[in-house]
Amino acid sequence: MKNPLAENIENVRRRIAEAALRAGRRPEEVTLIAVSKTVPPELVKAAYEAGVSDFGENRIQEAGGKIKTLRESGIGQAAERPPVRWHFIGHLQTNKAGAAIGMGFDLIHTVDSERLLDVLEARAAKAGKSQRALIEVKLSEEPSKHGVSPGGVCSLLRAAQGAGHIRLEGLMGMPPYFPEAEKARPYFARLRRLRQEAEAEGFHLPHLSMGMSHDFEVAIEEGATLVRIGTAIFGLNL
Ligand SMILES: *Cc1c(COP(=O)(O)O)cnc(C)c1O
């Protein structure tokens with residue numbers, strides 16, 4: 001049977017490559033994360049079989065069950081493929097930090113307070129793990145958005161210097177929704193400049209997690225290294 005997601009994934013990959021080339025970047029610099037929240041395990045498996053290795057979940061409880069089911073089904077264990085990498089992209093409450101560490105996310109995109117950083121550090125230390133993470137930055141004043149204020153990025157980075165088990169490797173952000181993706185550009189550019197400013201202070205931040213189904217091409221033109229794409233891969237009616 002034909003893979004139901006192959007065509008969507010091929011289209012998204014082509015658009016990623018074209019956007020990268022337009023910006024004078026190499027397509028390999030951009031990692032496609034398929035956002036699999038609310039998507040049943042069979043379809044996650046189909047995406048894996050169509051070549052996707054990175055998946056994003058936004059709820060700890062849902063992620064836990066799904067990761068377990070998929071690991072038991074053998075996903076990510078094909079010898080010729082890199083292992084599946086799970087990304088946590090939702091708001092993380094401190095009381096779920098231990099569970100998040102335990103699930104083995106490759107990258108947690110949403111560190112948004114010193115308190116959360118401290119709890120993650122304590123849990124990672126206890127588990128004997130080194131956890132990669134990003135700082136979520138609040139790019140607009142919408143009440144539904146989480147993240148540290150742009151002015152708080154460097155102080156959170158400084159706080160993390162004493163955290164031996166959490167490695168902050170970049171910034172994540174979400175512009176407000178605009179039907180016209182081009183309008184999101186200044187928000188992506190702002191996140192890129194915030195990274196530059198932090199790097200000028202001596203922090204090493206290779207990653208920018210920005211861009212979703214309707215605006216990822218603009219995000220890539222502005223420097224995204226990780227794009228988080230749900231609808232354009234899995235469809236609208238989930
Ligand atoms: C759902 C979600 C996405 C994917 O959104 P689409 O518009 O479906 O591509 C990306 N990032 C976060 C944080 C999300 O919650």
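Here the structure is a predicted model, which is why all the values come from computation and not from measurement. In each ligand, atom 1 is the first atom listed, and ligand 1 is the first ligand listed. The first residue in the sequence is number 1, and the count goes up from there.
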Inset, instruction - Would you mind listing which atoms of ligand 1 come within a distance below 4.0 Å of any non-hydrogen atom of Thr231? - result: 6 (P), 7 (O), 8 (O), 9 (O)

Legend entry - Heavy-atom proximity to atom 2 (C) of ligand 1, best of His87, Met212, His91, Lys37: Lys37

Legend entry - Nearest neighbour in protein (non-hydrogen) for atom 9 (O) of ligand 1: Ser213 OG, 2.5 Å

Legend entry - Ionic contact status for Glu18 with Arg14, cut-off 4.0 Å: yes

Inset, instruction - Compute the ring centroids of Phe55 and Trp86, then answer whether they are less than 6.0 Å apart. - result: yes

Inset, instruction - Say whether, by atom type as modelled, one donor and one acceptor occur between the side chain of Arg228 and the main chain of Ser209 under 3.5 angstrom. - result: yes

Legend entry - Proximal atoms of ligand 1 relative to Ile89 (non-hydrogen, under 4.0 Å): 11 (N), 12 (C), 13 (C), 14 (C)

Legend entry - Atom indices of ligand 1 within 4.0 angstrom of Ile229 heavy atoms, with elements: 9 (O)

Legend entry - Arg158 side, atom CZ; Leu168 side, atom CG - distance, nearest 0.5 Å: 13.0 Å

Legend entry - N-O pairing of Glu42 and Lys45 below 4.0 Å: no

Legend entry - Atom indices of ligand 1, in the order listed, that fall short of 4.0 Å to a heavy atom of Gly230: 4 (C), 6 (P), 8 (O), 9 (O)

Inset, instruction - May I ask you to check if ligand 1 and Ala232 share an N or O to N or O distance below 3.5 Å? - result: no

Inset, instruction - Tell me yes or no: between the side chains of Ser36 and Glu57, is some donor less than 3.5 Å from an acceptor? - result: yes

Inset, instruction - Mark up the atoms of ligand 1 that fall under 4.0 Å of a heavy atom belonging to Met174, in ascending order. - result: 13 (C)

Inset, instruction - Compute the shortest N/O to N/O distance between His214 and ligand 1 and return yes if it is under 3.5 Å, no if not. - result: no

Inset, instruction - Ignoring hydrogens and angles, state whether a donor on the side chain of Glu142 or Ser144 is under 3.5 Å from an acceptor on the partner side chain. - result: no

Legend entry - Part of His109 within contact of ligand 1 (heavy atoms, under 4.0 Å): neither

Inset, instruction - Check ligand 1 against Arg228 and write out every atom of the ligand that is under 4.0 Å from a heavy-atom position of the residue. - result: 4 (C), 9 (O), 10 (C), 11 (N), 12 (C), 13 (C)

Legend entry - Closest non-hydrogen atom pair between Tyr177 and His214, with its separation: CD1-NE2, 3.3 Å

